Peer 1: 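Below is one structure. I have some questions about it.
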Amino acid sequence: MNLKSLNTWIATVSMFALIAGCGGGGSGGGGVVVAPGNPTPSPSPTPTPTPTATRFSAVAVGPLLGYVQIDVSGNNQFFDEGDAYTYTSRSGSFGLDVVSGRPDQTRGRIPSAPIHSMLVGGLDETTGMTVSGLRAPKGATVISPLSTLIFVQGNGSTVLRALGLLTGSNALRSDTNVLTLNPGEGIKSPNAAVSEDAARIAVVNIQLLALSPLLKDTTGDTVDGLAPMDEAARYLTEVIDETGSVRLSEKATILKLLKKSRIGSTAPEREIDVVADLLSKYFSAMPERIADAAIARSWAYAFRFYVFPELRYVLSQTPSFQIERVSAITRDEIRSVAADFAKSEVPVMSELVAVPNYYELSYDSNPPYRRTLIGCSYHNDYDHPGCNDYTLFVGAEETGTVISVESQNANAISVRLESNGDVTISRVGNFTGLASFTYTTRSRSGATAKGTAFVRVWGL
């Protein structure tokens with residue numbers, strides 16, 4: 001799905017939720033010193049502190065830059081006339097004391113405290129991934145995949161218990177509030193316990209976000225398409241309510257989730273089993289805690305550009321002679337791929353954003369192992385790298401012009417910018433596997449950005 005407008009978002013790890021405490025006044029020392037013969041003065045009254053408005057944050061894998069809706073009407077429905085709307089800042093934060101990314105678009109009364117439920121969709125700063133349907137209940141200052149599951153299921157303790165976060169080696173501290181703890185700030189805390197909890201929550205957010213392209217009411221979208229977290233949360237909630245557990249590294253749990261989704265009604269049993277097996281390997285290969293943005297991005301990329309294409313391949317082939325190859329993928333291979341992704345360039349959230357792209361070359365390409373990326377229409381699947389260029393807080397209202405390209409793996413793929421602006425990618429030799437190229441794009445206003453496109457070359 002093309003990223004054409006923020007209005008296509010229906011409202012995926014670093015957060016910016018800071019609840020400012022109230023300051024207090026008072027006299028110090030052992031009393032008031034008075035000159036002889038003078039009456040004792042009354043102490044000055046303690047000034048009443050002025051409360052600081054709560055700063056909220058939106059998060060996927062990193063800060064989520066996008067459009068926020070606040071349920072002022074209190075009916076857990078959005079788009080109501082009385083609700084408030086705003087955009088996040090470039091740090092993913094929003095609130096009364098925060099400058100919005102689009103101040104001219106703020107409507108209604110932004111609350112000074114977490115007294116309403118919230119909905120947000122936007123562009124993830126860490127991965128460039130577009131995420132929709134993130135929700136948070138009353139009392140939350142952080143909107144994230146985890147807060148979405150709590151919102152949909154309705155009970156935070158039940159969700160944390162189901163995810164294995166109340167007991168065992170992954171247990172959070174009893175006083176940790178996952179709806180207000182800022183993982184991005186928390187991992188920097190000098191308090192080791194706070195840092196560890198923040199790093200664990202970051203992993204859970206990545207895992208939940210990875211499920212959202214699969215647990216949908218409709219068939220799978222492209223890897224750059226919307227990730228509807230609220231839809232995934234409904235299936236997760238069904239399993240929690242039925243079994244009390246959603247241990248995501250367990251294949252049996254993932255099978256239950258897949259069989260409830262659209263995949264379960266369309267894919268053969270064998271294919272579903274292979275998909276569940278690979279997903280469980282991916283989840284269990286991840287470290288239990290992630291305290292670094294580059295590592296968080298690498299694991300999100302490992303899903304989007306390595307695991308997810310394999311899943312889509314299995315689900316699209318009936319029967320598939322490649323199922324045995326996919327089944328043979330190991331946890332160590334997934335870890336190795338994630339380590340390679342840690343070296344990839346980070347999408348820069350400036351005036352123009354070049355969102356990461358994904359392409360495939362195979363024997364079935366026309367001609368074999370070559371592909372020309374020609375434009376931004378439904379007919380050609382919006383495949384030109386410039387189609388995902390994004391004018392921050394406005395949307396992809398124009399297609400970026402690619403002005404240069406460069407292969408990052410010259411022994412694997414070649415890439416050429418044609419005179420008419422098309423981009424041609426070709427396999428080099430007999431390479432199979434994952435490669436990439438970078439491109440520089442320019443908007444009509446003259447802003448430029450550098451993006452990365454990942455290319456999977458399939459063997460026979």
Side-chain angles (χ1 to χ4, degrees), residues 12-13 15 17 57 59-61 76 114 117-118 133-183 186-187 189 191-212 214-215 228-261 276 279-291 296 299:
T12 356
V13 179
M15 304 182 224
S57 63
V59 175
V61 176
N76 282 334
S117 61
M118 299 175 289
L134 291 181
R135 298 170 182 261
K138 295 178 182 179
T141 61
V142 171
I143 313 176
S144 69
L146 181 54
S147 77
T148 305
L149 180 55
I150 292 172
F151 176 94
V152 174
Q153 199 281 332
N155 187 293
S157 295
T158 298
V159 168
L160 297 183
R161 184 176 297 107
L163 290 168
L165 297 177
L166 293 186
T167 59
S169 62
N170 289 328
L172 304 176
R173 295 172 305 140
S174 60
D175 58 345
T176 293
N177 186 338
V178 299
L179 297 175
T180 60
L181 176 61
N182 178 340
I187 58 176
S189 172
N191 185 322
V194 173
S195 178
E196 287 183 5
D197 281 1
R200 179 58 193 156
I201 293 170
V203 173
V204 172
N205 278 332
I206 296 171
Q207 292 178 335
L208 291 175
L209 191 61
L211 288 170
S212 59
L214 295 166
L215 302 181
M229 190 61 237
D230 50 350
E231 290 185 24
R234 287 199 293 272
Y235 293 116
L236 286 156
T237 291
E238 288 182 22
V239 173
I240 291 174
D241 292 346
E242 292 170 6
T243 69
S245 174
V246 282
R247 305 300 171 91
L248 300 180
S249 61
E250 296 178 0
K251 179 179 176 180
T253 295
I254 298 173
L255 274 172
K256 289 187 180 72
L257 291 167
L258 293 175
K259 289 181 178 179
K260 287 180 175 295
S261 70
L279 271 174
S280 66
K281 289 176 183 176
Y282 166 70
F283 288 137
S284 60
M286 295 180 69
E288 291 183 349
R289 291 171 174 81
I290 293 178
W299 279 97

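Everything numeric in this text was worked out from a predicted model, so none of it was measured.
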Peer 1: How close do Leu211 and Leu236 get, counting heavy atoms only, and between which atoms?
Peer 2: CD1-CD2, 4.0 Å
Peer 1: Quick check on Lys138: does its NZ atom have over 12 non-hydrogen neighbours (other residues, nucleotides or ligands) under 6.0 Å away?
Peer 2: no
Peer 1: Would you please test Ile254 and Phe283 for side-chain contact (heavy atoms from CB on, under 4.5 Å) and show each step?
Peer 2: CA-CA 10 Å; Ile254 298 173; Phe283 288 137; 3.8 Å; yes
Peer 1: Taking Ser280 for its side chain and Ala276 for its backbone only, find out whether a donor-acceptor pair lies under 3.5 Å.
Peer 2: yes
Peer 1: Verify side-chain contact (heavy atoms from CB on, under 4.5 Å) between Gln207 and Met286, making sure each step is shown before the conclusion.
Peer 2: CA-CA 9 Å; Gln207 292 178 335; Met286 295 180 69; 3.6 Å; yes
Peer 1: Hey, are the side chains of Arg289 and Glu196 touching, using non-hydrogen atoms and a 4.5 Å cut-off?
Peer 2: yes
Peer 1: Between atom OG1 of Thr237 and atom CG of Asp230, what is the distance when rounded to the nearest 0.5 Å?
Peer 2: 11.0 Å
Peer 1: Main chain of Val239, side chain of Thr243: is a donor-acceptor contact present, judged purely on distance under 3.5 Å?
Peer 2: yes
Peer 1: For the side-chain contact (heavy atoms from CB on, under 4.5 Å) test, which of Leu179, Val178, Leu134, Val59 pairs with Leu146?
Peer 2: Val178
Peer 1: Under 3.5 Å, is there a donor-acceptor pair linking the side chains of Thr176 and Arg173?
Peer 2: yes
Peer 1: Find the distance between CH2 (Trp299) and CD1 (Ile206) and round it off to the nearest 0.5 Å.
Peer 2: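 Atom-to-atom, Trp299:CH2 and Ile206:CD1 are 9.5 Å apart.
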Peer 1: Just so I know, are the side chains of Leu279 and Leu214 near enough to count as touching, which here means a heavy-atom distance under 4.5 Å?
Peer 2: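 A side-chain contact under 4.5 Å exists here.
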Peer 1: Which heavy atom in Pro228 sits nearest to a heavy atom in Ser212, and how many Å separate them?
Peer 2: CD-O, 3.6 Å
Peer 1: So, applying side-chain contact (heavy atoms from CB on, under 4.5 Å) with Val204, which one of Leu160, Leu165, Leu248 is it?
Peer 2: Leu165
Peer 1: Could you report the tightest heavy-atom contact between Arg161 and Arg247, atom names first, then the distance?
Peer 2: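 Smallest interatomic distance, heavy atoms only, reads O-NH2, 3.6 Å.
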Peer 1: Which one of Met229, Glu231, Arg234 satisfies the side-chain contact (heavy atoms from CB on, under 4.5 Å) criterion with Val152?
Peer 2: Arg234
Peer 1: Tell me the closest heavy-atom pair linking Ile201 and Pro183, and the distance in Å.
Peer 2: CG2-CG, 4.0 Å
Peer 1: Return the minimal non-hydrogen interatomic distance between Pro137 and Ser147, and the atom names on each side.
Peer 2: CD-O, 3.9 Å
Peer 1: Decide yes or no on side-chain contact (heavy atoms from CB on, under 4.5 Å) for Gln153 and Asp241, but give the supporting numbers first.
Peer 2: CA-CA 8 Å; Gln153 199 281 332; Asp241 292 346; 3.0 Å; yes
Peer 1: Taking all non-hydrogen atoms of both residues, which atom of Asn182 and which atom of Ala198 are closest, and how far apart?
Peer 2: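 Taking Asn182 first and Ala198 second, the nearest heavy atoms are O-CB, 4.5 Å.
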Peer 1: Knowing that exactly one of Lys260, Lys256, Lys259 qualifies, which makes a salt bridge (Lys or Arg N to Asp or Glu O under 4.0 Å) with Glu242?
Peer 2: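 Only one of Lys260, Lys256, Lys259 forms a salt bridge (Lys or Arg N to Asp or Glu O under 4.0 Å) with Glu242, namely Lys260.
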Peer 1: Working note: Glu288 + Ser169, criterion side-chain contact (heavy atoms from CB on, under 4.5 Å); need CA distance, chi angles, decisive distance, verdict.
Peer 2: CA-CA 9 Å; Glu288 291 183 349; Ser169 62; 3.9 Å; yes
Peer 1: Taking the side chain from Arg200 and the backbone from Leu172, do they hold a donor-acceptor pair closer than 3.5 Å?
Peer 2: no
Peer 1: Mind checking the CG-CG spacing from Leu208 to Leu163? Nearest 0.5 Å is all I need.
Peer 2: 6.0 Å
